[in-house]
Undergrad: 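Let me begin by handing over the structure; questions about it come next.
Just so it is clear, the model here is predicted, and its values are computed rather than measured.
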Amino acid sequence: MLSRVADSIYWLNRYIERAENVARFVEVNLNLLLDLPMGLQEQWQPLVTTTGDRAVFESRYSEFTADAVMQFLTFDAEYDNSILSCVRAARTNARSVREAISSAMWEQVNDFYLMVTEAARSQESHWSLSAISDFLAQVKRASHSFNGVMDATMTHSEGWNFGCMGRYLERADKTSRILDVKYYLLLPTPDHVGSPLDELGWMALLKSASAYEMYRKSLSSYQHRITPAGVAAFLILDIAFPRSIRFCLLEAERSLHAITGSPLGFWQNDSERTLGRLRSELEYATIEEILHQGMHEFLDRLQLQMNTVDRTIFETFFSLEPIMAQSQ
């Protein structure tokens, strides 16, 4: 497979997944604000921090108001990671490789793009909560539909595995970011720890990863009630939940080895080595060890390692070395 085609399929899936995760952040924050006391603006700044683009926001907006943050994360055409920009980038990548993906995939991406651009054109200065919620739900459904269409209509060969690898690496990164924000920025005051207000925050975090129901239905002993350690263990270390970091890294590694042909447990390039090392660290980690070293410190290091994985994947598969002219 041409590196250009592989790169486009990889990023097509990352952008679709990124748009869905931004919608999740905003939707759960809106739901949480309905249950919290006054002080709504205080809850919008962490949402921007989750993206890692706070400096970009502050260079263009004066305050972390609901309207400003909503515009920034949803329809800001000049912000590369807004929902609008992500879906636009996904469509651009899909259009460049239409010969390598199914017609159903292209139609799904195109419909997704038209839905988002129509919403951007028709937005009002102040949307109602019901209109915002409907739009965010549509974004999540469109992402789920794309994933289902890809799995059902694209041959499960190299291209499909590049797409899966991009999807799961993006998902792992966003799960770590939202968990980091809760631990590092949204920790309640000592008086609120263990209170109903604190539990609302952890419930919102679980819902942002569509994990609340599965957390409560799990038979694991640490999930009989909502606790910081239980939520962190579920979202980081659970082997079966499809949005946990461990699950995502394992699936990404499986796709990577399917592409290279080397068996799991062995490596023949830097991308396999870095991803295998990161995945193996989570295989043997415990939540007690993670909390002992500090949740923020652990997640910060994890995000840096995932950035390294992304860089090595680029260098292994997508970076084109210049062809040196032969000497005369």
Side-chain angles (χ1 to χ4, degrees), residues 16-37 39-40 42-51 66 69-70 73-74 83 86 127-145 147 167-168 170-188 192-220 222-238 240-248 287 295 299:
I16 292 290
E17 184 68 29
R18 190 171 299 178
E20 178 188 343
N21 278 283
V22 173
R24 289 176 180 278
F25 297 161
V26 177
E27 181 183 52
V28 173
N29 199 59
L30 288 174
N31 293 336
L32 178 60
L33 294 181
L34 296 176
D35 298 320
L36 289 176
L40 304 185
E42 296 177 3
Q43 297 300 318
W44 290 101
Q45 176 266 326
L47 218 59
V48 176
T49 303
T50 301
T51 68
V69 173
M70 283 287 297
L73 294 177
T74 56
I83 292 175
C86 286
W127 276 20
S128 67
L129 280 179
S130 61
I132 295 173
S133 297
D134 287 346
F135 168 72
L136 298 175
Q138 288 183 65
V139 171
K140 292 193 299 179
R141 286 196 298 269
S143 174
H144 295 167
S145 296
N147 293 340
R167 178 195 307 167
Y168 283 113
E170 182 68 31
R171 187 178 296 177
D173 177 74
K174 291 302 180 288
T175 298
S176 72
R177 289 182 183 277
I178 190 62
L179 184 57
D180 192 20
V181 165
K182 171 58 183 175
Y183 260 96
Y184 190 57
L185 296 175
L186 296 183
L187 284 174
H192 288 155
V193 173
S195 70
L197 181 63
D198 187 28
E199 186 166 333
L200 281 173
W202 293 112
M203 287 175 60
L205 172 63
L206 286 168
K207 290 177 181 179
S208 72
S210 292
Y212 178 69
E213 292 179 344
M214 294 301 102
Y215 178 92
R216 298 306 297 261
K217 292 176 181 178
S218 172
L219 297 178
S220 299
Y222 60 75
Q223 288 151 28
H224 289 167
R225 56 187 296 267
I226 296 178
T227 65
V231 172
F234 189 71
L235 292 180
I236 297 174
L237 301 176
D238 194 88
F241 181 62
R243 302 193 76 87
S244 78
I245 298 173
R246 180 181 175 187
F247 180 96
C248 290
I287 191 59
M295 179 60 67
L299 292 173

Undergrad: Between Arg167 and Asn147, is any pair of side-chain heavy atoms under 4.5 Å apart?
TA: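 In short, these two side chains touch, coming nearer than 4.5 Å.
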
Undergrad: Is the backbone N or O of Phe241 less than 3.5 Å from a side-chain atom of Ser244, with the two atoms forming a donor-acceptor pair by type?
TA: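 Looks like yes, one N/O pair under 3.5 Å.
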
Undergrad: For Ile16 and Ser143, work out which heavy atoms get closest and say how close.
TA: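 Closest heavy-atom pair between Ile16 and Ser143: CG2-OG, 3.5 Å.
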
Undergrad: Taking atom types as modelled and ignoring hydrogens, do the side chains of Arg24 and Ser210 form a donor-acceptor contact shorter than 3.5 angstrom?
TA: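 A pair is found: one side chain offers a donor N or O, the other an acceptor, under 3.5 Å apart.
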
Undergrad: So does Tyr215 get a backbone contact from the side chain of Ser218, meaning a donor-acceptor N/O pair under 3.5 Å?
TA: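 Absent.
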
Undergrad: If we only count heavy atoms from C-beta on, is the Val26 to Met70 side-chain gap below 4.5 Å?
TA: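 Result yes, sub-4.5 Å side-chain heavy-atom pair found.
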
Undergrad: To the nearest 0.5 angstrom, please state how far the OG atom of Ser176 sits from the CD1 atom of Ile245.
TA: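 Here the interatomic distance stands at 5.0 Å.
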
Undergrad: Set out, in order, the CA-CA distance, both residues' side-chain angles and the distance that settles side-chain contact (heavy atoms from CB on, under 4.5 Å) for Met203 and Val231, then state yes or no.
TA: CA-CA 9 Å; Met203 287 175 60; Val231 172; over 6 Å; no

Undergrad: Evaluate the side-chain contact (heavy atoms from CB on, under 4.5 Å) criterion for residues Thr74 and Val139: first the C-alpha distance (whole Å), next the side-chain angles of each, then the deciding distance (0.1 Å), finally the verdict.
TA: CA-CA 10 Å; Thr74 56; Val139 171; over 6 Å; no

Undergrad: Using ring-ring contact (aromatic ring centres under 6.0 Å, His included) as the criterion, list what pairs up with Phe25, not counting sequence neighbours.
TA: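 Expected list: none.
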
Undergrad: For Thr51 and Val48, indicate whether the former's side chain and the latter's backbone hold a donor-acceptor pair under 3.5 Å.
TA: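 At least one qualifying donor-acceptor pair exists.
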
Undergrad: Would you give the length of the straight line joining atom CZ of Arg141 to atom CD of Gln138, rounded to the nearest 0.5 angstrom?
TA: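 It comes to 5.5 Å.
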
Undergrad: Applying salt bridge (charged side-chain N to carboxylate O under 4.0 Å, His left out), can you list everything that pairs with Arg243, at least two apart in sequence or on another chain?
TA: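 Expected list: Glu17, Glu20.
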
Undergrad: Tell me, do Arg216 and Ile226 make a side-chain contact under 4.5 Å, heavy atoms counted?
TA: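 Of all side-chain heavy-atom pairs linking Ile226 with Arg216, at least one is under 4.5 Å.
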
Undergrad: Apply the test side-chain contact (heavy atoms from CB on, under 4.5 Å) to residues Thr49 and Asp180: give CA-CA distance (whole Å), side-chain angles for both, the deciding distance (0.1 Å), then the verdict.
TA: CA-CA 10 Å; Thr49 303; Asp180 192 20; over 6 Å; no

Undergrad: So which heavy atom on Ala232 is nearest to which on Ile287, and how close?
TA: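 Smallest interatomic distance, heavy atoms only, reads CB-CD1, 3.7 Å.
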
Undergrad: How long is the straight-line distance from CG of Asp173 back to CG of Asn21, given to the nearest 0.5 Å?
TA: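 Answer rounded to 0.5 Å: 9.0 Å.
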
Undergrad: Could you check whether any side-chain heavy atom of Leu235 comes within less than 4.5 Å of a side-chain heavy atom of Leu205, counting everything from C-beta outward?
TA: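 Of all side-chain heavy-atom pairs linking Leu205 with Leu235, at least one is under 4.5 Å.
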
Undergrad: Could you tell me whether a side-chain N or O of Arg171 sits under 3.5 Å from a main-chain N or O of Pro242, the two making a donor and an acceptor?
TA: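 Confirmed, Arg171 side chain pairs with Pro242 backbone.
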
Undergrad: Side-chain contact test, heavy atoms from C-beta onward, threshold under 4.5 Å: evaluate it for Trp44 versus Leu47 and give yes or no.
TA: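 Trp44 vs Leu47: side chains touch.
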
Undergrad: Which heavy atom in Ala23 sits nearest to a heavy atom in Lys140, and how many Å separate them?
TA: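 The pair with the smallest heavy-atom distance is CB-CG, 4.3 Å.
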
